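From a predicted model like this one, the values you see are computed outputs, not experimental measurements. In the text below, chain A, chain B and the rest are named by the order of the sequence lines, each starting its count at 1.
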Amino acid sequence: MSKPESHVTNFVRDVIEADIAAGKLTSEQVVTRFPPEPNGYLHVGHAKSICLNFGLAQSFGGQCNLRFDDTNPGKEDQEYVDAIMEDVRWLGFQWAGEVRYASDYFDQFYAWAQELIGKGLAYVCDLSPEQASEYRGWATQPGKPSPFRERSAEENLDLLERMKNGEFDEGSRVLRAKIDMASPNMNLRDPILYRIRKQSHHQTGDKWCIYPSYDFSHGQEDALEGVTHSICTLEFADHRPLYEWFLENLSVPAKPRQYEFGRLNLDYTVTSKRKLKRLVDENHVAGWDDPRMPTIHGMRRRGFSARAIRNFCGSLPVAKSDGVVSIAQFESAVRDDLDKHAPRAMAVLNPLKLVIENYAEGKQENLKAANHPKEDMGERELPFTREIYIDASDFNEDSSLSRKKFKRLVLGDYVRLRGAYVIKANRVEHNAAGEPTTVFCELVENTVGEDPPEGIKPRGVIHWVSASAGVKATIRVYDRLFLNASPDKGEEDFLTHINPDALKILDNCWIEPSLATAAPEASFQFEREGYFVADRFDHSASAPVFNMTIGLRDSWSDKV
RNA sequence: UGGGGUGUCGCCAAGCGGCAAGGCACUGGGUUUUGAUCCCAGCAUUCGUAGGUUCGAAUCCUUCCACCCCAGCCA
């Protein structure tokens with residue numbers, strides 16, 4: 001169930017509402033589409049587009065199509081098609097009807113190309129790419145008409161047919177629209193409609209030797225599918241006149257309208273399919289679904305819930321400016337969601353053994369612990385034993401530390417074990433390096449769920465795991481992939497900003513037994529540490545593996 | 001440079017002639033068996049710049065400035 005998150009209004013929504021108010025269409029007739037090219041994995045920027053397009057359709061009671069813009073077979077792959085469908089579904093959306101492909105319409109596009117030729121609005125051009133570029137002119141300088149611009153319709157039709165039949169080499173000829181070589185908008189200087197590509201296509205195989213350009217496809221695809229509001233990113237604004245030119249000059253069944261909004265940029269993040277592909281191809285990450293990646297696959301494995309991503313995207317204004325959103329804003333949405341929905345549990349990442357000397361050896365109490373402090377999520381059994389682990393950073397031998405500065409265990413003082421007893425540290429054993437190895441404590445009787453007697457004031461509450469009943473686990477701790485807020489802005493290669501410590505593998509962690517049997521992809525809050533998810537692929541009860549999604553908000557550590 | 005787009009708090013932004021929403025971040029304070037959550041309070045006499053119109057402008061007009069996009073047989 002993905003109920004539409006509360007949407008702040010935005011200009012696209014306003015346009016649709018105005019269209020409905022003007023009687024141009026009914027609410028149910030609103031049709032949008034998400035049109036990815038299957039040339040890479042989707043990332044957080046696409047998530048915004050998905051949420052916008054599907055969200056708009058959903059809230060108006062209309063429909064949203066998933067359509068692959070597969071007009072360039074050389075860069076595309078079925079692997080990407082499959083991953084994209086999985087991502088859209090995982091985000092909680094369902095496209096209307098079957099998945100669509102631009103390639104479904106190739107025959108129609110071809111007929112339309114012939115129509116344009118018949119109207120004297122398109123021609124086959126034999127200029128080489130270099131020559132074409134010269135002829136195109138410059139910003140301040142109009143282009144020159146191609147010497148092939150005035151070929152007869154018959155000749156053009158014949159040439160196009162032969163291009164289609166594979167009679168010519170790649171790059172030797174293209175079909176162009178005849179528009180205006182002097183237009184200040186470069187996109188109108190006789191844009192390319194078809195180019196020769198003797199490549200097999202992931203959907204159509206070897207049927208075609210020529211493939212339509214984005215411009216000669218997109219508006220017509222929208223028209224064919226009855227898309228009413230075609231939403232794309234800012235860089236396509238210059239293409240809108242072309243988009244409309246085709247709809248104007250072709251016998252299309254409908255006249256969709258294009259609207260542009262600013263794509264999502266996040267600081268400390270790279271969102272360019274090319275750069276993400278480099279990270280994968282050059283092995284800087286373990287793959288497209290590496291939890292450090294801003295891909296939807298990566299975010300999923302990291303433990304960022306679909307709901308959190310949806311909430312985040314829904315909270316983003318849709319505007320025509322291209323700003324950079326702070327990653328903190330995304331993290332805030334993630335914490336907000338996980339705080340409400342993730343059950344609590346305890347895990348010790350850097351164990352320090354603690355022996356409770358006044359607790360019998362071999363004794364075990366199964367204490368009850370609530371799974372959530374506010375939501376009703378039931379309770380679980382928490383085994384308490386004589387030997388337990390606490391985090392090494394939760395103990396300090398310096399008993400002169402002020403209670404305000406260190407609300408944890410200190411030699412000679414009391415602390416509350418979360419969900420269990422109040423204990424006092426009496427002495428400590430060290431290793432050769434002088435590091436504490438075992439802390440010997442005593443517990444205060446009758447302090448489970450009860451305040452300690454007058455005079456005993458625990459410094460704070462720390463988490464713990466039974467040494468004998470707990471389970472050993474591997475925990476992967478993640479940090480941001482880049483150290484620079486704008487990794488791809490400077491002169492230098494963005495790879496120079498990679499954070500070498502973005503992944504730390506801790507393989508001597510201890511988790512409470514209830515965690516070992518967690519289902520893959522189940523999220524938890526490890527109390528006082530952060531949010532963690534059982535790895536989608538590597539986690540098992542016998543060898544538990546958790547990924548850190550994000551730490552708890554920490555308003556204290558940098559203040560001391 | 002020609003065309004397209006944008007400039008409002010540290011960041012993202014609402015605002016569409018009537019006297020600067022909201023979120024994130026930040027700063028105080030309260031609650032708390034998570035230094036979490038939650039709660040309460042604070043946070044732009046000012047809207048890229050310079051002029052003009054108006055009783056009144058971030059909102060209208062003009063000038064200038066800055067930034068982004070296009071000049072692929074990519075999308």
| Between A:S326 and A:Q329, does any side-chain donor sit less than 3.5 Å from a side-chain acceptor? |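 Note: A:S326 and A:Q329 side chains miss the donor-acceptor criterion.
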
Phosphate-side-chain proximity, [X] and [N], N/O vs OP1/OP2 below 4.0 Å:
X: A:R67; N: B:A75; answer: no
X: A:S555; N: B:A36; answer: yes
X: A:R240; N: B:G5; answer: no
X: A:R195; N: B:A75; answer: yes
X: A:T71; N: B:A75; answer: yes
X: A:R189; N: B:G2; answer: no
X: A:S321; N: B:A13; answer: yes
X: A:R528; N: B:G35; answer: yes

Check ion pair [X]-[Y] (N to O, under 4.0 angstrom):
X: A:R408; Y: A:D391; result: no
X: A:E37; Y: A:K273; result: no
X: A:K277; Y: A:D281; result: yes

What distance, rounded to whole Å, do you find between the two [atom1] atoms, one in [N] and one in [M]?
N: B:C12; M: B:G18; atom1: P; value: 27 Å
N: B:A66; M: B:G52; atom1: C1'; value: 23 Å
N: B:U34; M: B:U6; atom1: C1'; value: 44 Å
N: B:G28; M: B:U33; atom1: C1'; value: 26 Å
N: B:U27; M: B:C61; atom1: C1'; value: 42 Å
N: B:C9; M: B:U45; atom1: P; value: 11 Å
N: B:G42; M: B:C55; atom1: C1'; value: 35 Å
N: B:A57; M: B:G10; atom1: C1'; value: 27 Å

Give [X] one of three labels, base, sugar-phosphate or nothing, depending on what nucleic acid heavy atoms sit under 4.0 Å from its own.
X: A:R553; result: sugar-phosphate
X: A:K320; result: sugar-phosphate
X: A:V415; result: nothing
X: A:Y135; result: nothing
X: A:E260; result: nothing
X: A:K374; result: base
X: A:V324; result: sugar-phosphate
X: A:K404; result: base
X: A:G460; result: nothing
X: A:H239; result: base
X: A:D238; result: base
X: A:E375; result: nothing
X: A:G419; result: base
X: A:G171; result: base

| For B:G29, does the O4'-C1'-N9-C4 (purine) or O4'-C1'-N1-C2 (pyrimidine) torsion place it in syn, i.e. within 90° of 0, or in anti? |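 Anti conformation here, the glycosidic angle of B:G29 being more than 90° from 0.
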
Now, which nucleotide makes the Watson-Crick or G-U wobble pair with [N], with each of the two distances under 3.5 Å?
N: B:A57; value: none
N: B:G72; value: none
N: B:U37; value: none
N: B:C67; value: B:G5

| message | Is A:W556 stacked against the base of B:G35, taking the criterion as centroid distance under 5.5 angstrom and interplanar angle under 30°? | response |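 Whether judged by distance or by angle, A:W556 passes, so it stacks on the base of B:G35.
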
| query | Is there a donor on the side chain of A:Q141 or the base of B:U1 sitting less than 3.5 Å from an acceptor on the other? | reply |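 Flag unset: no donor-acceptor pair detected.
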
| message | Once you measure the plane-to-plane angle for A:Y243 and A:H218, does it fall in the parallel (<30°), tilted (30-60°) or perpendicular (>60°) bin? | response |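 Rings of A:Y243 and A:H218: tilted, as their planes differ by 30° to 60°.
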
| request: For the residue pair A:H46 and A:H43, categorise the inter-ring angle as parallel (less than 30°), tilted (30 to 60°) or perpendicular (more than 60°). | output: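 Tilted: the ring planes of A:H46 and A:H43 meet at 30° to 60°.
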
| message | Assuming nearest nucleotide by heavy-atom distance, tell me which of A:N185 and A:S332 is located more 5' along RNA chain B. | response |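 Here A:N185 is the residue nearer the 5' end.
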
| request: Name the residue closer to the 5' end of RNA chain B, choosing between A:W138 and A:D336 according to the nucleotide with the nearest heavy atom. | output: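 The 5'-side residue here is A:D336.
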
| Any idea which of B:U33, B:G72, B:A13 is nearest the A:R416 side chain? |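 Within the option list, the nearest is B:U33.
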
| Residue A:L552, side-chain heavy atoms: nucleotide from B:G2, B:G35, B:U34 that is nearest |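 Shortest atom-to-atom distance from the side chain points to B:U34.
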
| message | Would you say the rings of A:Y194 and A:F216 are close, in the sense that their centroids are separated by under 6.0 Å? | response |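 Ring-ring flag for A:F216/A:Y194: true, centres closer than 6.0 Å.
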
| message | Quick check: A:F304 with A:F312 (ring centres under 6.0 Å apart)? | response |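 No, they do not, as the ring centres are separated by 6.0 Å or more.
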
| Just wondering, more than 12 heavy atoms not from A:D376 lying within 6.0 Å of its CG? |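 Atom CG in A:D376 is not packed in, count stays at 12 or less.
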
| Roughly, in whole Å, what's the span from CD in A:E235 to P in B:G72? |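 Going from CD in A:E235 over to P in B:G72 covers 16 Å.
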
